Amino acid sequence: GASYEAVREWYQKGRQLFAEQQVRKRKKRIAVDEKEISLGSEKVWIWAGWDLDDDQVIAVHVSYTRNGFDAWVVLKRVAQLCKGKKPVVFVDGGKWYPWVLQRLGFRYAIMAFGPRSAIERFLSLVHWRIRRFWERFPNKSTLKSLQRGAESFAGFTNYWVKEVLS
C-alpha cells in the first residue's frame with residue numbers, strides 16, 4: 001500500500017547506513033570483485049570490496065566499463081578506509097587488478113574460490129535482487145542513481161549481517 005516514492009525514500013536510508021559504517025580502521029583481508037548486470041539492453045558493472053574479517057561491504061562502484069580505471073576507483077576507496085598496514089586483497093584473474101594493486105601498495109592474491117566467496121555472494125545477491133524486477137529496475141537510471149542504489153543495498157546488507165546474524 002506504499003507509494004513508489006515512499007519506498008524509494010525508505011530505500012535511500014540504506015545509503016545513510018552505508019555512509020555511517022565507513023570507518024577508517026585496521027583491516028587484514030579484503031575481497032574485491034565486479035559483476036556484469038544487464039539492465040534492459042544496457043550492461044553495467046557493479047564493483048565491490050568486502051572486509052572479510054568484519055563481514056561488511058566497504059566499497060561499491062558502478063560503471064559502464066570494466067577496466068583499470070574502475071578497479072582504481074574501488075581500490076582507492078578501500079585504501080582510504082584502511083588504517084596502518086595495507087591488507088591482503090583477494091581478486092580473481094582480472095588483468096585490470098595487478099597494476100592497480102601494486103600502484104596502491106596492496107599485497108594481493110589471485111584466486112577463484114576461498115576467501116573471495118563472500119564478495120561473490122554479495123554480488124550474486126545484488127544480481128538476484130535486480131532480476132526480481134525483471135531487469136527493469138531501476139528504470140532509465142543514471143550511473144549516479146545506480147551508485148546510490150548500490151550504496152543503499154550495501155548499507156542494508158551490512159546492517160543485516162551485523163544485527164540479524166550476530
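We're numbering straight along the sequence, starting at 1. Values in this document were obtained by computation on a predicted structure and should not be read as measured data.
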From [X] [atom1] over to [Y] [atom2], what is the distance, rounded to the nearest 0.5 angstrom?
X	Y	atom1	atom2	value
Phe18	Arg148	CZ	CZ	15.0 Å
Arg103	Leu75	CZ	CG	13.5 Å
Ser152	Lys13	OG	NZ	11.0 Å
Ile37	His127	CD1	NE2	4.5 Å
Glu151	Leu17	CD	CG	12.0 Å

Cluster check [X], [Y]: I/L/V/M/F/W/Y, side chain < 4.5 angstrom:
X	Y	result
Ile119	Leu125	yes
Val126	Leu143	yes
Leu101	Met111	no
Phe106	Val88	no
Leu104	Phe69	no

Original post:
Do Asp54 and Lys25 sit within salt-bridge range, that is, some charged N less than 4.0 Å from a carboxylate O?
Top reply: yes
Original post:
Hey, are Asp53 and Lys28 close enough for a salt bridge, meaning a charged N less than 4.0 Å from a carboxylate O?
Top reply: no
Kindly indicate whether the side chain of [X], heavy atoms from C-beta on, has any atom under 4.5 Å from the side chain of [Y].
X	Y	value
Gln147	Val60	yes
Leu81	Gln22	yes
Arg66	Glu36	no

Minimum heavy-atom separation for [X] and [Y], please, with both atom names.
X	Y	result
Ala118	Leu52	CB-CD2, 3.8 Å
Asp92	Arg116	N-NE, 3.4 Å
Cys82	Pro87	SG-CD, 3.6 Å
Val57	Ala154	CG1-CB, 3.7 Å
Val62	Ala150	CG2-CB, 3.9 Å

Is [X] reaching over with its side chain to a backbone N or O of [Y], donor-acceptor style, under 3.5 angstrom?
X	Y	answer
Ser63	Thr65	yes
Asn67	Asp70	yes
Asp33	Glu120	no
Lys27	Ala79	no

Original post:
Would Val73 and Arg77 count as a side-chain contact (heavy atoms from CB on, under 4.5 Å) if you check the C-alpha gap in whole Å, the side-chain angles of each, and the deciding distance to 0.1 Å?
Top reply: CA-CA 6 Å; Val73 171; Arg77 182 66 187 140; over 6 Å; no
Original post:
Listed by chain and number, what are the ring pair (Phe, Tyr, Trp, His ring centres under 6.0 Å) partners of Trp10, not counting sequence neighbours?
Top reply: Phe156
Original post:
What do you reckon, is OH of Tyr64 surrounded by more than 12 foreign heavy atoms closer than 6.0 Å?
Top reply: yes
**OP:** Mark yes when over 12 heavy atoms from residues, nucleotides or ligands other than Arg107 sit less than 6.0 Å from its CZ; otherwise mark no.
**Re:** yes
Original post:
Pick from Leu123, Ile58, Asp55: which one makes a side-chain contact (heavy atoms from CB on, under 4.5 Å) with Trp50?
Top reply: Asp55
**OP:** Run through Trp45, Trp47, Tyr97 and flag the one making a side-chain hydrogen bond (donor to acceptor under 3.5 Å, both in side chains) with Glu34.
**Re:** Tyr97
Original post:
With under 30° as parallel and over 60° as perpendicular, where do the rings of Phe122 and Phe153 fit, or are they tilted in between?
Top reply: tilted
